[in-house]
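Contents: one structure, followed by commentary.
Residue numbers count from 1 along this sequence.
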Amino acid sequence: MSGEADLGDGPAPGDGPARDERPAQSGRAAPDEAPALDGVIHHPTRLTLVAFLSACDEAEFAAVRDGCRVSDSVLSKNASALEAAGYLHVRKGHVGKRPRTWLSLTPAGRQALTRHLAALQDLVDAARGAASSVGA
């Protein structure tokens with residue numbers, strides 16, 4: 001064991017939505033609705049992976065693994081969940097004779113991250129609004 005936390009457990013795409021896992025239509029929740037966090041990417045490891053990949057067009061598996069500080073198996077499991085949700089594209093090939101895997105966000109994955117971050121910001125804004133109305 002390398003001392004890395006296995007953060008690969010959590011709801012997978014077919015687990016069924018919880019109350020706050022409905023996809024947001026516009027990225028902003030209506031005033032009377034709870035913010036719509038994306039249940040697929042809300043998991044800490046998947047959110048780390050999506051955030052890492054949002055900064056590039058494509059990244060090699062080892063670079064993503066090292067950048068996200070996870071094991072091969074944790075990255076593989078979470079990449080599979082994101083791919084099944086349509087958020088991640090996996091490309092396999094060779095560099096010389098060595099097999100390589102590259103990961104990239106799909107347009108749907110980039111949109112899901114944008115909506116998820118907007119929902120998180122809505123939560124922050126709601127908390128600030130509640131705090132200021134109480135006088136905190």
Side-chain angles (χ1 to χ4, degrees):
M1 179 150 269
S2 65
E4 296 176 51
D6 181 357
L7 300 175
D9 294 321
D15 289 349
R19 183 182 64 82
D20 63 345
E21 294 177 353
R22 294 170 283 127
Q25 297 301 318
S26 66
R28 295 285 174 185
D32 60 340
E33 288 184 24
L37 298 173
D38 188 304
V40 176
I41 64 173
H42 187 66
H43 183 276
T45 302
R46 288 188 286 253
L47 183 56
T48 301
L49 175 55
V50 171
F52 183 91
L53 289 171
S54 72
C56 57
D57 290 332
E58 180 177 72
E60 200 270 324
F61 187 93
V64 177
R65 177 199 62 213
D66 295 346
C68 295
R69 297 182 177 191
V70 295
S71 67
D72 287 355
S73 63
V74 168
L75 177 55
S76 181
K77 177 180 178 180
N78 285 282
S80 293
L82 290 167
E83 185 180 28
Y87 292 171
L88 186 78
H89 175 72
V90 177
R91 181 174 67 88
K92 296 192 179 266
H94 289 82
V95 174
K97 292 185 178 185
R98 296 183 184 264
R100 293 285 187 258
T101 301
W102 292 270
L103 306 174
S104 61
L105 287 181
T106 63
R110 290 186 185 279
Q111 291 169 357
L113 177 61
T114 298
R115 286 189 310 266
H116 188 77
L117 293 175
L120 289 171
Q121 188 60 54
D122 285 346
L123 288 170
V124 170
D125 294 344
R128 284 189 180 137
S132 66
S133 70
V134 174

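Taken to the nearest 0.5 Å, the CG atom of L117 stands 8.0 Å off from the OG atom of S54. Taking NE2 of H89 as the reference point, atom CG of L105 lies at 11.5 Å (rounded to 0.5 Å). For the atom pair NZ of K77 and CZ of R46, the computed distance is 8.0 Å after rounding to the nearest 0.5 Å. For the atom pair CG (D57) and OG (S104), the distance works out to 8.5 Å, reported to the nearest 0.5 Å. How far CZ of R100 is from CD of E60: 5.5 Å, rounded to the nearest 0.5 Å. How far CG of L75 is from CZ of R65: 8.0 Å, rounded to the nearest 0.5 Å.
For S73, the side-chain hydrogen bond (donor to acceptor under 3.5 Å, both in side chains) partners at least two apart in sequence or on another chain are S71. Take R91 and apply the side-chain hydrogen bond (donor to acceptor under 3.5 Å, both in side chains) test, not counting sequence neighbours, and it matches E58.
Minimum interatomic distance between A36 and A119 (heavy atoms only, all atoms of both residues): O-CB, 3.5 Å. Listed here is the closest heavy atom pair of G86 and A108: O-CB, 3.8 Å. The shortest heavy-atom contact between F52 and A63 is CZ-O, 3.7 Å.
Screening L49, L113, V50, I41 for a side chain to side chain contact (heavy atoms under 4.5 Å, CB included) involving Y87 leaves a single residue, I41. Results of the side chain to side chain contact (heavy atoms under 4.5 Å, CB included) test with N78 over V40, L47, T45, V70 single out T45 as the only residue that passes.
Distance alone, capped at 3.5 Å, is enough to place a donor-acceptor pair between the S132 side chain and the R128 backbone.
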Test log, rule side-chain contact (heavy atoms from CB on, under 4.5 Å), inputs R110 and T106: CA-CA 6 Å; R110 290 186 185 279; T106 63; over 6 Å; no
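There is a path of hydrophobic side-chain contacts, each under 4.5 Å, that joins F61 to L88.
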